[in-house]
A.B. asks: 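Here it is, the structure in full.
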Amino acid sequence: MKQSSKLKIFNDPIYGFISIPSPLVFNLIAHPYFQRLRRISQMGLSYLVYPGAHHTRFHHALGAMHLMQQAISLLRRKGFRIDEDEEEGLLCAILLHDIGHGPFSHALENEWVSGISHETISLRFMEELNKEFSGRLDLAIAIFTGSYPKKYLNELVSSQLDMDRLDYLKRDSFYSGVAEGNINAERLITMLSVNEGRLVVEEKGIYSVEKYLLARRFMYWQVYLHKTGVVAEQLLIRVIQRARELGHSARLQSVSPALDFFLNQNPGQLEFTAEALQQYAELDDIDILASLKKWQKADDRVLSALCKMLLERRLLSIKIKKAPISAGSLQNKLEKCRAKTGMSESEAAYFVFEGVLHNRAYNQDNQNINIIKPNGKVIDVASASDHLNLEVLSQPVTKYYICYPKKGI
């Protein structure tokens, strides 16, 4: 690929100017696979709760790359060797880490191919790009998959304190307007160090880590798992499920060949072949939104109602509880819905359902955030902190919800 000489920087509302460090990175950004991220919402349907949350995976990927540039520069100044090939590998890995996200990001992640995460699809895209770029992404793939010998390089891309998380917390806080989620990413990066080949945080950065973990907790319960956002995403999932059900009976088509490809497949049986990857590369938020507008006039009452609820923001009621929803309570809501609408039980189940929400701000079982003391001793942040909340944040929290119509459908 030939590099254009026109654009060398992006103007980001959070960090200011983000520079493009190499022709390879520039050409990756210019590739259609990456440009597709301009049409993938970063926060799913959260804009129905926070109107400003319309930013995309494209924004996030560039922001994470910018923070990676800062981290590389900082670690070099502290005497840790990162050669030019490793730098390029790190930047490419973090740039492409979310390239496998589908329409509305996490909201529909399990609706296209069962058992395959967006990270796995990102790897498939990276492997295809590696062929186009004559093996230039070998090192980036090794870092992305965690197989590169320098573990701290892998941890800069994927850990509990990686550049991905630092950017999305700061960015999602900014666009949603939820100030409690804002973090000082630059301060956290300044406190990074390496001990015995693993990423650590200097002791004087412990309060910044505490603020970061508390911000994660706020953002999950206040934004990512906000009850209205949960309802909206569950309705969108049910739109796709109903469309697939109708599509199998040859009664429905979307406005998108790529979407039709996946609607006519069983997610649990679809093999993610080269053809499926190319179809997936054509799929984005626009396919879903355009189909919602078409399907709101569908003959099928269930699909039509689901689409109108999303397009007009007339969502279901939701109750969140600490204890599991009883079978009797669910059945009672289901019968009320059937009585009001005349729907069958299977149809009413699209509008009355239960679910579970999980959150754990800090997972001590998965790549701990380690603090290094001046004497060289390394301890887990939850043990090093004098903030009792960190022990609480390391415990998983589970909540239960039930959704049902407010009035009619």
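Bear in mind the structure is a predicted one, so any value in this text is a computation, not a measurement. Because only heavy atoms are used, hydrogens play no part in the values below, and waters and symmetry mates are left out as well, while side chains stay in.
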A.B. asks: Answer with yes or no after comparing the ring centroid distance for Tyr175 and Tyr47 against a 6.0 Å cut-off, counting only values under it.
C.D. replies: no

A.B. asks: Asp172 and Ser176: which non-hydrogen atoms are nearest, and at how many Å?
C.D. replies: O-OG, 2.6 Å

A.B. asks: Nearest 0.5 Å please: distance from the CG atom of Asp284 over to the CZ atom of Phe104.
C.D. replies: 9.5 Å

A.B. asks: Quick one: do the Glu271 and Thr273 side chains pair a donor with an acceptor below 3.5 Å?
C.D. replies: no

A.B. asks: May I have the step-by-step check of side chain to side chain contact (heavy atoms under 4.5 Å, CB included) for Leu90 and Val157, ending in yes or no?
C.D. replies: CA-CA 7 Å; Leu90 280 167; Val157 174; 4.1 Å; yes

A.B. asks: Glu86 and Ile82: which non-hydrogen atoms are nearest, and at how many Å?
C.D. replies: OE1-CA, 3.4 Å

A.B. asks: Working to the nearest 0.5 Å, report the span between CG of Leu357 and CG of Leu225.
C.D. replies: 5.5 Å

A.B. asks: Please confirm whether His60 and His97 have ring centers closer than 6.0 angstrom.
C.D. replies: yes

A.B. asks: Quick check: closest heavy atoms across Arg81 and Tyr152, and the distance to 0.1 Å?
C.D. replies: O-OH, 3.1 Å

A.B. asks: Output yes when a side-chain donor or acceptor of Ser173 lies under 3.5 Å from a complementary backbone atom of Val178, and no otherwise.
C.D. replies: yes

A.B. asks: Donor-acceptor pair, Arg244 side chain versus Glu111 backbone, under 3.5 Å?
C.D. replies: yes

A.B. asks: Of the non-hydrogen atoms in Val302 and Phe351, which two are nearest, and what is the gap between them?
C.D. replies: O-CZ, 3.8 Å

A.B. asks: Assess the residue pair Leu123 and Ile141 against the criterion (side chain to side chain contact (heavy atoms under 4.5 Å, CB included)); give the C-alpha distance rounded to whole Å, side-chain angles, the decisive distance to 0.1 Å, and a yes or no.
C.D. replies: CA-CA 7 Å; Leu123 179 59; Ile141 289 172; 3.8 Å; yes

A.B. asks: For atom NZ of Lys211, is the number of surrounding heavy atoms from other residues, nucleotides or ligands below 6.0 Å larger than 12?
C.D. replies: yes

A.B. asks: Say you draw a straight line from CD of Glu245 to CD1 of Ile240; how long is it, rounded to the nearest 0.5 Å?
C.D. replies: 13.0 Å

A.B. asks: Tell me whether Arg238 forms a cation-pi arrangement with Phe353, defined as NZ or CZ under 6.0 Å from the six-membered ring centre and within 45 degrees of its axis.
C.D. replies: yes

A.B. asks: Got Leu96 and Leu129 here, is their nearest side-chain heavy-atom distance under 4.5 Å?
C.D. replies: yes

A.B. asks: Val230 vs Ile320, test: side chain to side chain contact (heavy atoms under 4.5 Å, CB included). Steps then yes/no.
C.D. replies: CA-CA 11 Å; Val230 169; Ile320 296 180; 6.0 Å; no

A.B. asks: Given side chains that start at C-beta, do those of Pro374 and Glu203 come closer than 4.5 Å, heavy atoms only?
C.D. replies: yes

A.B. asks: Does a side chain donor of either Tyr15 or Glu186 reach within less than 3.5 Å of an acceptor in the other side chain?
C.D. replies: no

A.B. asks: Has Tyr280 got a side-chain atom pairing as donor or acceptor with Gly100's backbone, closer than 3.5 angstrom?
C.D. replies: yes

A.B. asks: Give a yes or no on whether the ring-centroid distance for Phe34 and Phe125 is below 6.0 angstrom.
C.D. replies: no

A.B. asks: Could you check whether the rings of His59 and His55 sit parallel, tilted or perpendicular, using 30° and 60° as the cut-offs?
C.D. replies: tilted

A.B. asks: Evaluate Tyr212 against Tyr207 for side chain to side chain contact (heavy atoms under 4.5 Å, CB included), listing each step before the verdict.
C.D. replies: CA-CA 9 Å; Tyr212 159 78; Tyr207 297 114; over 6 Å; no

A.B. asks: Would you mind reporting whether Phe272 and Ile121 have side-chain heavy atoms less than 4.5 Å apart?
C.D. replies: yes

A.B. asks: Do we see a donor-acceptor contact under 3.5 Å between the side chains of Arg57 and Ser105?
C.D. replies: yes

A.B. asks: State whether Arg38 and Asp285 are salt-bridged, where the test is any N-O pair (Lys NZ or Arg NE/NH1/NH2 against Asp/Glu carboxylate O) under 4.0 Å.
C.D. replies: no

A.B. asks: Verify the neighbour count for atom CD of Glu119: are there more than 12 heavy atoms of other residues, nucleotides or ligands below 6.0 Å?
C.D. replies: yes

A.B. asks: Judged by modelled atom types alone, do Glu109 and His118 share a side-chain donor-acceptor pair under 3.5 Å?
C.D. replies: yes

A.B. asks: I need the minimum non-hydrogen distance between Trp112 and Leu108, along with the two atoms involved.
C.D. replies: NE1-O, 3.3 Å

A.B. asks: Which donor-acceptor pairs under 3.5 Å do side chains of residues 303-312 form with protein atoms, sequence neighbours excluded?
C.D. replies:
| residue | atom | partner | partner atom | Å |
| --- | --- | --- | --- | --- |
| Ser304 | OG | Gln296 | O | 2.6 |
| Glu312 | OE1 | Arg314 | NE | 2.7 |
| Glu312 | OE1 | Arg314 | NH2 | 3.1 |

A.B. asks: Just by distance, with hydrogens left out, do Thr120 and Arg124 show a side-chain donor and acceptor under 3.5 Å apart?
C.D. replies: no

A.B. asks: Just checking, any donor-acceptor pair under 3.5 angstrom between side chains of Asp167 and His66?
C.D. replies: no

A.B. asks: Within the distance-only criterion (no hydrogens, no angle test), does the side chain of Ser73 pair as donor or acceptor with the backbone N or O of Gln69 below 3.5 angstrom?
C.D. replies: no

A.B. asks: With a 3.5 Å cut-off and no angle check, do the side chains of His31 and Glu132 form a donor-acceptor pair?
C.D. replies: yes

A.B. asks: Would you say that Lys150 contacts Asn154 through its side chain, given a criterion of any heavy-atom pair below 4.5 Å between the two side chains?
C.D. replies: no

A.B. asks: Atom CG of Asp12 and atom CD1 of Ile18: how far apart are they, to the nearest 0.5 Å?
C.D. replies: 4.0 Å

A.B. asks: Would you say the side-chain atoms of Asn195 and Asn370 include a donor-acceptor pair closer than 3.5 Å?
C.D. replies: no

A.B. asks: May I ask you to decide whether Glu202 forms a salt bridge with Lys78, counting only side-chain N to carboxylate O separations under 4.0 Å?
C.D. replies: yes

A.B. asks: Is the backbone N or O of Ser317 less than 3.5 Å from a side-chain atom of Lys406, with the two atoms forming a donor-acceptor pair by type?
C.D. replies: no

A.B. asks: With a 4.5 Å cut-off on side-chain heavy atoms, are Ser208 and Leu188 touching?
C.D. replies: yes

A.B. asks: Salt bridge between Glu87 and Arg76, side-chain N to carboxylate O under 4.0 Å?
C.D. replies: yes

A.B. asks: Looking at Glu88 and Arg136, does any basic side-chain N land under 4.0 Å from a carboxylate oxygen?
C.D. replies: yes

A.B. asks: So, does Lys336 use its side chain to make a donor-acceptor pair with the main chain of Gln331 at under 3.5 Å?
C.D. replies: no

A.B. asks: Below 4.5 Å, heavy atoms only, C-beta onward: do Leu199 and Leu156 meet side chain to side chain?
C.D. replies: yes

A.B. asks: Distance under 6.0 Å and angle within 45° of the ring axis: does Lys333 meet both against Tyr404?
C.D. replies: yes

A.B. asks: Taking atom CG of Leu48 and atom CG of Leu235, what is their separation to the nearest 0.5 Å?
C.D. replies: 10.0 Å

A.B. asks: Between Ser19 (side chain) and Pro21 (backbone), is there a donor-acceptor pair under 3.5 Å?
C.D. replies: no

A.B. asks: Look only at the side chain of Ser291 and the backbone of Asp287, and say whether a donor-acceptor pair between them is shorter than 3.5 Å.
C.D. replies: yes

A.B. asks: Any sub-3.5 Å donor-acceptor pair from Arg216's side-chain atoms to Leu169's backbone N or O?
C.D. replies: no

A.B. asks: Please check: side-chain N/O of Gln278 versus main-chain N/O of Glu275, any donor-acceptor pairing under 3.5 Å?
C.D. replies: no

A.B. asks: What's the separation between atom CZ in Arg187 and atom CE in Met191, rounded to the nearest 0.5 Å?
C.D. replies: 4.0 Å

A.B. asks: Do you know which two heavy atoms are closest between Ile288 and Pro103, and how far apart they sit?
C.D. replies: CG1-CB, 3.6 Å

A.B. asks: Would you call Met126 and Cys92 a side-chain contact if the rule is heavy atoms closer than 4.5 Å?
C.D. replies: no

A.B. asks: Using a 4.5 Å cut-off on heavy atoms from C-beta on, say whether the side chain of Thr56 contacts that of Gln42.
C.D. replies: no

